[in-house]
Amino acid sequence: MNKRRLIIGGNWKMFKTPSEAVSAAKALKVKLVNIEHVDVVVCPPAIDIVSVREILKESSIKIAGQNMHWENEGAYTGEVSAGMLIDSGCEYIIIGHSERRHVFGETDGEVNKKVLKAFATGLKPILCVGETLDERNSGHTEDVVGRQVRAGLAGVVLSSPQQLVIAYEPVWAIGTGVNATPEQAEEAHCFIRKIVADVFDSSLADEICIQYGGSVKPANAEELLKNKNVDGALIGGASLDPEDFCSIIKIAEKF
Ligand code: 13P
């Protein structure tokens, strides 16, 4: 039995037009009506958030943004602010996803500014960390993940473990169909928890949710989620199909 409540996120990335997002949200609302033991978060593209919120407002399903800028407002064409996300109904914000880091060149320093803005505004960050295949193969997983966690959380004052989620997403497992083995995930999550204990304290670290992300699907969800230190999943591809996403949530309900 896991003593932490699991959190399952569906990261839709740059998929689903507003009308497709509305259909998916309607399906989730119906299918997830009886979920009690798991927190469910959907992360639609920014343009879909308001309409998804409209569908989900009377459900327990929460909404996350996928990215945001660290300034309150300004001349930043193409960006969205924390205030905009909050006003649209977001409770969480994904920060430092590997696609932001590796495709768009987001740095640890920028990730940290976003995390600090999330805390300042009351959005709960889902801070993503994870090593590339080269970094793993050269024995640098802990250096990289440890650096990302410490840099991402620099200057954060955490009063409650519910204010923060960390997602361990090894880059080599994202969208590849090759998930981390349960042992690899458990080992990385234990390491992250140790770093979090060092940054804050061990009782906070004990309660913080650390999700696993990278090719999670109904067929491998159970073996990953049953690990003591795996407190949920952040799901890309399999979250696009409400059927698959709900199957994973139902598996999570058992822990
Ligand atoms: P996949 O589930 O498609 O591998 O994506 C994981 C991910 O990046 C979630 O944020």
Side-chain angles (χ1 to χ4, degrees), residues 6-16 20-21 24 28 38-46 48-49 52 61-68 85 90-106 111 114-115 118 123-133 135-136 141 144-145 148-149 152 164-182 184-185 188-189 192 209-225 227 230-249 251-252:
L6 300 192
I7 173 166
I8 304 290
N11 177 5
W12 293 354
K13 305 191 179 183
M14 199 177 74
F15 292 97
K16 297 194 189 294
E20 290 165 346
L28 294 179
V38 174
D39 289 326
V40 178
V41 182
V42 292
C43 321
D48 299 342
I49 289 174
V52 167
I61 304 169
K62 307 287 199 300
I63 301 179
Q66 296 180 8
N67 180 37
M68 68 174 197
L85 293 170
C90 289
E91 188 173 321
Y92 292 86
I93 174 72
I94 296 177
I95 298 180
H97 189 278
S98 84
E99 287 142 21
R100 300 296 324 165
R101 293 176 189 265
H102 295 285
V103 183
F104 299 101
E106 206 165 286
V111 168
K114 294 179 182 194
V115 168
L123 275 173
K124 298 173 186 165
I126 301 173
L127 171 63
C128 299
V129 299
E131 80 289 359
T132 63
L133 190 58
E135 288 162 346
R136 173 164 283 265
T141 298
V144 171
V145 171
Q148 290 173 337
V149 173
L164 170 69
V165 176
I166 296 179
Y168 170 61
E169 301 206 306
V171 179
W172 48 271
I174 295 177
T176 59
V178 182
N179 57 286
T181 64
Q184 287 170 325
H189 287 221
I192 290 169
C209 273
I210 305 176
Q211 296 177 304
Y212 166 78
S215 298
V216 177
K217 40 191 176 283
N220 60 20
E222 176 151 7
E223 62 177 27
L224 287 159
L225 293 173
N227 284 283
V230 176
D231 313 314
L234 190 54
I235 303 158
S239 75
L240 296 175
D241 176 0
E243 196 74 46
D244 281 352
F245 187 54
C246 293
S247 313
I248 297 170
I249 291 161
I251 291 166

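Note that the coordinates shown come from a computational prediction; the quantities given were computed from them, not determined experimentally. Counting starts at 1 for both ligands and their atoms, following the listed order.
A heavy-atom distance below 4.5 Å is not found between the side chains of Asn179 and Val216. At least one side-chain heavy atom of Lys13 sits less than 4.5 Å from a side-chain heavy atom of His97.
Taking every heavy atom of both residues into account, Leu85 and Asn67 meet most closely at CD1-O, 3.9 Å. Between Pro44 and Ala64 the shortest heavy-atom distance is CD-O, 3.5 Å.
Considering CD1 of Ile8 and CG of Leu225, their distance stands at 5.0 Å, rounded to 0.5 Å.
Put simply, the side chain of Gln211 never gets that close to the backbone of Gly232: no donor and acceptor are under 3.5 Å apart.
Listed by chain and number, Asn11, Lys13, His97, Glu169, Ala173, Ile174, Gly175, Gly214, Ser215, Leu234, Ile235, Gly236, Gly237 each place a non-hydrogen atom less than 4.0 angstrom from ligand 1.
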